[in-house]
Amino acid sequence: MTPLTGPSQQQPRPSRTVDAARIKAALVKVSKLVVEDAAFTPVFERLEAELAAAMKEKTRLNDAQRRARALLDQKAIPRTSSATWSSDAPLPYRSRSSR
């Protein structure tokens, strides 16, 4: 017997990232619907909010990368170095030839 799903038991949505370009395209399509029928206004408003959130997230990530690069440049930390290749790495990570 299969369990029935009602309004209180919603199926989980697939976690798929929707980028700003897809939201903008949907917003254009829904705009045409809103012009014809105001009943689509909540969908339009939801898409506007989703677009604003996507843009804010993109800005947040870009800002974090910019700050990380600035910190690395400020501290002169090599961006691609790894302790496993360093001769001053902790003993368990040093190669046998450098002991």
Side-chain angles (χ1 to χ4, degrees):
M1 180 175 205
T2 345
L4 297 175
T5 56
S8 63
Q9 298 175 334
Q10 294 182 0
Q11 294 292 326
R13 290 179 148 177
S15 64
R16 188 170 59 158
T17 305
V18 180
D19 62 347
R22 287 189 69 189
I23 297 171
K24 286 178 185 178
L27 197 54
V28 169
K29 290 177 184 178
V30 173
S31 296
K32 294 174 186 175
L33 295 171
V34 171
V35 169
E36 296 297 321
D37 186 353
F40 290 99
T41 300
V43 178
F44 180 81
E45 291 172 340
R46 170 70 186 265
L47 287 170
E48 284 182 320
E50 291 290 332
L51 180 59
M55 298 302 286
K56 184 177 180 180
E57 179 67 7
K58 184 177 181 179
T59 301
R60 185 184 69 81
L61 294 175
N62 287 341
D63 287 348
Q65 286 181 324
R66 181 189 48 77
R67 292 191 313 271
R69 285 186 191 105
L71 179 64
L72 291 176
D73 291 342
Q74 178 186 11
K75 299 295 182 182
I77 300 169
R79 295 182 189 180
T80 58
S81 70
S82 173
T84 58
W85 297 101
S86 174
S87 61
D88 61 342
L91 282 175
Y93 297 105
R94 286 188 190 167
S95 67
R96 293 175 191 237
S97 63
S98 67
R99 287 186 187 172

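Residues: numbered from 1 along the sequence shown.
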Point to revise | Straight-line distance of Arg46 CZ to Thr41 OG1, nearest 0.5 Å | key: 15.5 Å
Check your understanding: About how many Å separate CD of Glu57 and CG of Asn62, when rounded to the nearest 0.5 Å?
Key -> 10.0 Å
Review point. How long is the span from the NZ atom in Lys58 to the CG atom in Asp19, to the nearest 0.5 Å?
Key: 8.5 Å
Study note, to complete from the structure: CD (Gln65) and CZ (Arg67) are apart, to the nearest 0.5 Å, by 10.5 Å
Study note, to complete from the structure: Taken to the nearest 0.5 Å, the spacing of Asp63 CG from Thr59 OG1 works out to 6.5 Å
Check your understanding: What's the spacing between Met55 CE and Lys24 NZ if we round to 0.5 Å?
Key -> 5.0 Å
Practice item. Grab the two heavy atoms, one from Val30 and one from Phe40, that are nearest each other, plus how far apart they are. Key: CG1-O, 4.1 Å
